[in-house]
Number of protein chains: 2
Amino acid sequence: MKIKDIAKLAGVSPATVSRVMNNSGYVIDEKRKAVEKVIAEVGYTPNEIAKSLKNRKTNIIGVIVPKISTETASRVVDGITEVAKAHDCQILIANTDLQIEEEIKSLKFLSNRLVDGIIMMATEVTEQHYKVAKGISVPIVMVGQQVDGYPSIIHDDYHAAKAMMKHILAKGHQEIGFIGVSPHDIAVGIKRKQAYLDALSEAKLEVDDQLIAIGNFSIESGYEQMEKILAHKQPTAVMAVTDQLAIGAIHCIRDHRLTVPEDISITGMGDGKLSKYFIPPLTTVRLHHKTTGIMAAKNLFTLIENGYVKNEMVVDFSLRIRESVDEKEK
Amino acid sequence: MKIKDIAKLAGVSPATVSRVMNNSGYVIDEKRKAVEKVIAEVGYTPNEIAKSLKNRKTNIIGVIVPKISTETASRVVDGITEVAKAHDCQILIANTDLQIEEEIKSLKFLSNRLVDGIIMMATEVTEQHYKVAKGISVPIVMVGQQVDGYPSIIHDDYHAAKAMMKHILAKGHQEIGFIGVSPHDIAVGIKRKQAYLDALSEAKLEVDDQLIAIGNFSIESGYEQMEKILAHKQPTAVMAVTDQLAIGAIHCIRDHRLTVPEDISITGMGDGKLSKYFIPPLTTVRLHHKTTGIMAAKNLFTLIENGYVKNEMVVDFSLRIRESVDEKEK
DNA sequence: ACTTAATCTGAAATCGATTTCAGATTAAGT
DNA sequence: ACTTAATCTGAAATCGATTTCAGATTAAGT
């Protein structure tokens, strides 16, 4: 069923049917009713692809995520969805599985008019990203990283990690371990580590390389890196750069017949769904991922409509102080 | 930049450019090279919308999910993505936020040629779903529920729950509580409960209504429902219908100064990411959600290509026996 | 050398909508 | 009654690709 068929059935021209469907231009009541009747009878829905071609607008926004099955990504997407819904827009997700070529490929695929705009959650932004992004005609909003020339919504990783460290320091800890993540990830790998280092130096504490371990994003890795630290010495507190790493570390500590927080305090970052219900409840810092998604989407829509938007926005965080950090008696 | 511009620059017709791009028909080497040179120079990428209109194929599959930010949904989507990638297909996600009108709206929106096929994860399938689905021209695969007339990929909720119960019974438990979920959800609310009831009756045990509590999907609800059960009597084991409910229940039990599994054994279902690392590690049953996604996508693609596919497929499960269930000494 | 098949090419039609434009009718204003 | 503005309508052009078709050229086969 296409518009021509409806027109024939209703005894009008396709133009009139289009006017009825879109409520535009003049249509005499009698013909409008006739068209509406036919549409209802045959259950006509217009071909969205044809509409998109003519209107140069698809009402779809593309979202490029590194891995949808992570809490971070799915929360951001949740936020984006909320805003998109209000704009009667669908979202098209490209799951890149952390592969850079996939990101590039997705950018290219989405770019040519398939979507009205793109929200990109990149872990790492390479030269290639820039090159491809520059050739793209639809607006792009970056999430999670500051990318020059593009509106970016970023988390305040540095200050969040710093706040966490200040909390640990305030509890009297002096020997503080760190479980981090590869520097390929700027936000998590670099900024959070920098905060750790700066906090120590501001507190006039020495940095001890034996207390620093770098893993990946898995729980298992948290276990392994904690093991590595304990092989050298026993800190009184450890800041892990994600909740998952913290949970792995706690398991390792427990296997060493030590307890959390009495023997060693542990903190995470992210405030995953279960952190609150872990035993002990994990002290962590919540990055407002859903808010990030909401802001990214709002920015994208104003970018689409006005062509301009503020360049960088930083999303807030909040400490979640629970029970995995103990006062260190002097 | 459109195909006409490329044609002009290369001194050929649009038809020839199309032939070069799609590697179809005859093109003499000299012209092919000329076209390729121009394409490379200007970085031309074809308008996907126009291609879709002509080809009657968008290379996008639609996925309707109740809530993307749940482990279940994101794992299924992960599986779908994997298969879609192999078919050079993007996925368009409609997040319905558990609202039925949204599901219907999404079905309608996606249906008219915007996607080549639809995978639908419905929690509840109403008359309205049927009516709309019937009017839709693209193939649909259902996930999570058997829907007459549509290929469905379902989890074996009944046998998974039954296997869990058999495990509990084999450990010698006789007073077994149950924390379930509203019967609106057929798979989780009805089938898992039926398995509980059947397992009891097969073991010639009485059903005790005071040991049965119905909540929702949250951790908090697990806590509340456990509270309700404990107000009446203390079972030796409780089967919760999801890991989240189980974790809530464990917290409640702990707050009653009882221990898991020594005083009360607990089981979950789902094998969420953290179940293994919970303390105690949770005995649960893993439903292979990613496999579900993979199978749904595979079925959809054969449906698109062949127009026919087996009607119902049941995805396997596996018990994960960990430490939250204890032997009940006689 | 001549027939037949294979190769090559661009004009025109097409996918299914929307919009412009010009012509026709009706309503409003004096 | 006549001018002007508002209302109404459908034919044709358009969005940007692909494909069919027919005609032209080249290669292969005898």
Side-chain angles (χ1 to χ4, degrees), chain A residues 1-36 38-39 42-60 88 108-116 136-138, chain B residues 1-36 38-39 42-60 88 108-116 136-138:
Chain A
M1 268 296 167
K2 47 186 185 172
I3 201 168
K4 248 174 140 179
D5 303 318
I6 303 299
K8 207 165 288 173
L9 285 171
V12 298
S13 75
T16 300
V17 177
S18 172
R19 281 191 270 258
V20 171
M21 299 276 309
N22 299 296
N23 236 307
S24 66
Y26 296 109
V27 181
I28 209 165
D29 218 48
E30 172 198 355
K31 298 206 175 181
R32 159 165 282 122
K33 292 236 172 77
V35 170
E36 277 166 351
V38 173
I39 288 172
V42 307
Y44 167 71
T45 52
N47 180 316
E48 293 293 334
I49 292 293
K51 281 179 77 164
S52 297
L53 180 60
K54 188 75 233 251
N55 295 340
R56 321 188 108 261
K57 196 166 185 333
T58 58
N59 286 314
I60 302 174
D88 256 316
K108 279 194 188 153
F109 180 75
L110 297 183
S111 65
N112 233 286
R113 300 267 128 228
L114 224 180
V115 295
D116 296 339
I136 280 176
S137 48
V138 301
Chain B
M1 267 298 165
K2 47 186 184 171
I3 201 167
K4 247 174 139 179
D5 303 317
I6 303 300
K8 206 167 288 175
L9 285 172
V12 298
S13 75
T16 299
V17 177
S18 171
R19 280 191 272 256
V20 171
M21 299 276 308
N22 299 296
N23 237 309
S24 66
Y26 296 109
V27 180
I28 209 164
D29 218 47
E30 173 197 354
K31 298 206 175 185
R32 159 165 281 123
K33 291 237 173 75
V35 170
E36 277 166 351
V38 173
I39 287 172
V42 307
Y44 167 71
T45 52
N47 181 315
E48 294 292 335
I49 292 293
K51 279 179 77 164
S52 297
L53 181 60
K54 188 76 234 244
N55 295 339
R56 323 189 106 259
K57 195 165 186 332
T58 58
N59 285 315
I60 301 175
D88 255 316
K108 279 193 187 151
F109 179 77
L110 298 183
S111 64
N112 232 287
R113 300 269 129 228
L114 224 179
V115 296
D116 296 339
I136 281 177
S137 49
V138 301

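Chain identifiers are assigned alphabetically (A, B, ...) following the order of the sequence lines, protein sequences preceding nucleic acid strands; residue numbering begins at 1 within each chain.
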To the nearest Å, give me how far apart [atom1] ([X]) and [atom2] ([N]) are.
X       : N      : atom1 : atom2 : result
B:Met21 : D:dG16 : CE    : C1'   : 12 Å
A:Ile6  : C:dT18 : CD1   : P     : 12 Å
B:Asn23 : C:dC8  : CG    : P     : 13 Å
A:Leu53 : C:dT18 : CG    : P     : 11 Å
A:Lys54 : C:dT14 : NZ    : C1'   : 16 Å
B:Asn22 : D:dG16 : CG    : C1'   : 13 Å
B:Asn59 : D:dA17 : CG    : P     : 16 Å
B:Glu30 : C:dT9  : CD    : C1'   : 13 Å

Mind checking A:Val12 for me? I need base, sugar-phosphate or nothing, with any heavy atom below 4.0 Å counting as a touch.
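The answer is sugar-phosphate, as A:Val12 gets under 4.0 Å only of primed atoms, P, OP1 or OP2.
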
Check nucleotides 25-29 of chain D against the protein and report each pair of N or O atoms closer than 3.5 Å, with its distance, or say if there are none.
none

Between the main-chain N or O of A:Pro14 and the side-chain N or O of A:Ser18, is there a donor-acceptor pair closer than 3.5 Å?
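No: the side chain of A:Ser18 does not pair with the backbone of A:Pro14.
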
Check for a donor-acceptor pair, side chain of A:Thr58 on one end and backbone N or O of A:Leu114 on the other, with a separation under 3.5 Å.
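Answer holds: yes.
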
Strictly below 4.0 Å, heavy-atom distances to any atom of DNA chain D: list the hits from residues 42-50 of chain A, or just say none.
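None - not one residue of the stretch has a heavy atom sitting under 4.0 Å from the strand.
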
Is there a side chain to side chain contact (heavy atoms under 4.5 Å, CB included) between B:Tyr44 and B:Ile3? Walk through the geometry before answering.
CA-CA 8 Å; B:Tyr44 167 71; B:Ile3 201 167; 3.8 Å; yes

Can you check whether [X] has a side-chain N or O nearer than 4.0 Å to OP1 or OP2 of [N]?
X       : N      : value
B:Asn55 : D:dA17 : no
A:Lys4  : C:dA17 : no
A:Lys2  : C:dG16 : yes
B:Lys31 : C:dT9  : yes

Could you tell me which non-hydrogen atom of [X] sits nearest to which non-hydrogen atom of [Y], and how far apart they are?
X        : Y        : result
A:Val27  : A:Thr16  : CG1-CG2, 4.0 Å
B:Ser111 : B:Ser137 : O-OG, 3.9 Å
A:Ile49  : A:Asn47  : N-OD1, 2.8 Å
B:Ala7   : B:Ser13  : CB-C, 3.6 Å

Less than 4.5 Å apart, side chain to side chain, heavy atoms only: is that true for A:Val35 and A:Arg19?
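Side chain of A:Val35 against side chain of A:Arg19, heavy atoms only: no contact under 4.5 Å found.
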
With side chains defined as the heavy atoms from C-beta onward, is the minimum distance between A:Glu36 and A:Val20 less than 4.5 Å?
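The answer is yes, as the side chains (C-beta and beyond) meet within the 4.5 Å cut-off.
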
No-H, no-angle donor-acceptor pair, B:Arg19 side chain to C:dG10 base, under 3.5 Å
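Donor-acceptor pair under 3.5 Å: yes.
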
Which one is paired to [N], where only Watson-Crick or G-U wobble pairs with both distances under 3.5 angstrom count?
N      : answer
D:dT7  : C:dA24
C:dC15 : D:dG16
D:dG29 : C:dC2

To the nearest 0.5 angstrom, please state how far the CD atom of A:Glu48 sits from the CG atom of A:Asn59.
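It comes to 7.5 Å.
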
Supply the atom-to-atom distance A:Phe109 CZ to B:Asp88 CG, rounded to the nearest 0.5 angstrom.
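Result: 8.5 Å between the selected atoms.
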
Just compare C:dT9, C:dG10, D:dT9 and give me whichever is closest to any side-chain atom of A:Thr16.
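Ranking C:dT9, C:dG10, D:dT9 by closest atom to the A:Thr16 side chain puts D:dT9 first.
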
Closest to the B:Pro14 side chain: D:dT18, C:dT18, D:dG16?
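Ranking D:dT18, C:dT18, D:dG16 by closest atom to the B:Pro14 side chain puts D:dT18 first.
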
Collect all protein-nucleotide pairs involving nucleotides 5-7 of chain D in which both atoms are nitrogen or oxygen and the distance is under 3.5 Å.
residue : atom : partner : partner atom : Å
D:dT7   : OP2  : A:Tyr26 : OH           : 2.3

For A:Ile6 and A:Val42, what are the C-alpha separation, side-chain angles and deciding distance, and is it a side chain to side chain contact (heavy atoms under 4.5 Å, CB included)?
CA-CA 9 Å; A:Ile6 303 299; A:Val42 307; 3.5 Å; yes

Toward the 5' end of DNA chain C, by each residue's nearest nucleotide, A:Ile3 or B:Val27
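Comparing both residues, the 5'-ward one is B:Val27.
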
Which of these, B:Lys31, B:Arg32, B:Lys33, sits in a side-chain hydrogen bond (donor to acceptor under 3.5 Å, both in side chains) with B:Asp29?
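Looking at B:Lys31, B:Arg32, B:Lys33, the match for B:Asp29 under the side-chain hydrogen bond (donor to acceptor under 3.5 Å, both in side chains) is B:Lys33.
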
